[in-house]
Amino acid sequence: FDAAGVSAPEGEFVMFLQAPGVTNLVVFRFDAPYGGVGVMHTTQALGDGYFRLTTDRVNADFVGTEDRNECDPDILAHDCDPDPIQAACINHEGAQHTCRCRSENGYVDNPSAAEGTLPGRDCVLEPHYYGALATDSYMRIFHQDRLDYGWRVAEVKLFQDVATVVRVEGLVATTAPNVGDAVT
């Protein structure tokens, strides 16, 4: 309000809001005339469900909502490649998350992924990260790939996990006696 008691439609306005149980409140402002795209405002959490909102106008409708962090590992609400070494989920406040393959770990989007696959959903290791092998061609076989036509495995290397290079000793892979039998 100004000195004459008339409300000012523009300026800096601070509102204190209460939203019990909400941890991350996002407020959208819809200015008159209505029907346009809302302007997103982030709030400052004050604790115990209280938030501070600063805006530059008040002649509008305000809608508050909780922004869910789709990348939170406890929620698992994202569709990125499930291996955190291969892909990263990036949360965007007030918007849908995005995914990206972790190029710093040698992973890129799979060039042979299904048409329409979004970035970061199917990540594969770049061939030059395989290391120097004795042959000039490489083949990547995943654990769920079908191996038809009498495939033979010359060597299997087992590691504790994908993040380290600690080899597991004492485990032996043997070939199956007949085509179609399991390899132990």
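Across all their heavy atoms, R102 and A88 have their closest contact at NH1-CB, 3.6 Å. Heavy atoms only, all atoms of each residue included: C101 and Y107 are closest at CB-O, 3.7 Å. For the pair P82 and P84, the tightest heavy-atom approach, listed with the atom from each and the gap, is O-CD, 3.3 Å.
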Run the side chain to side chain contact (heavy atoms under 4.5 Å, CB included) check on D48 and Q18 step by step: do they pass?
CA-CA 9 Å; D48 293 330; Q18 182 182 16; over 6 Å; no
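Crowding of F62 atom CZ: a count of heavy atoms from other residues, nucleotides or ligands under 6.0 Å exceeding 12.
For E66, the side chain to side chain donor-acceptor pair (under 3.5 Å) partners at least two apart in sequence or on another chain are T23. Residues meeting the side chain to side chain donor-acceptor pair (under 3.5 Å) test with R100, sequence neighbours left out: E104. Not counting sequence neighbours, the partners of T43 by the side-chain contact (heavy atoms from CB on, under 4.5 Å) test are L25, V27, F51, L53. For the side-chain contact (heavy atoms from CB on, under 4.5 Å) test, residues two or more places apart in sequence or in another chain that qualify with F16 are V14, L46, R52. Legend: residues meeting side chain to side chain donor-acceptor pair (under 3.5 Å) with N24, ordered by chain and number and at least two apart, are absent. Annotation: side chain to side chain donor-acceptor pair (under 3.5 Å) contacts of N91 (sequence neighbours excluded): none.
In this structure, D81 contributes its side chain and Q86 its backbone to no donor-acceptor pair below 3.5 Å. A donor-acceptor distance shorter than 3.5 angstrom exists from the side chain of D109 to the backbone of G120, with no hydrogens or angles considered. N105 places a side-chain N or O within 3.5 Å of a backbone atom of I85 that can act as its donor or acceptor partner.
Counting heavy atoms from C-beta on, the side chains of R121 and N110 never come closer than 4.5 Å. At a threshold of 4.5 Å between non-hydrogen side-chain atoms, the residues V124 and P111 count as touching.
Electrostatic pairing of D56 and R29 counts as a salt bridge here, judged by a charged N lying under 4.0 Å from a carboxylate O.
On the SG-SG cut-off of under 2.5 Å, C99 and C89 do not qualify.
Atoms CE and OG1, from M15 and T55 in turn, are 5.5 Å apart once rounded to the nearest 0.5 Å.
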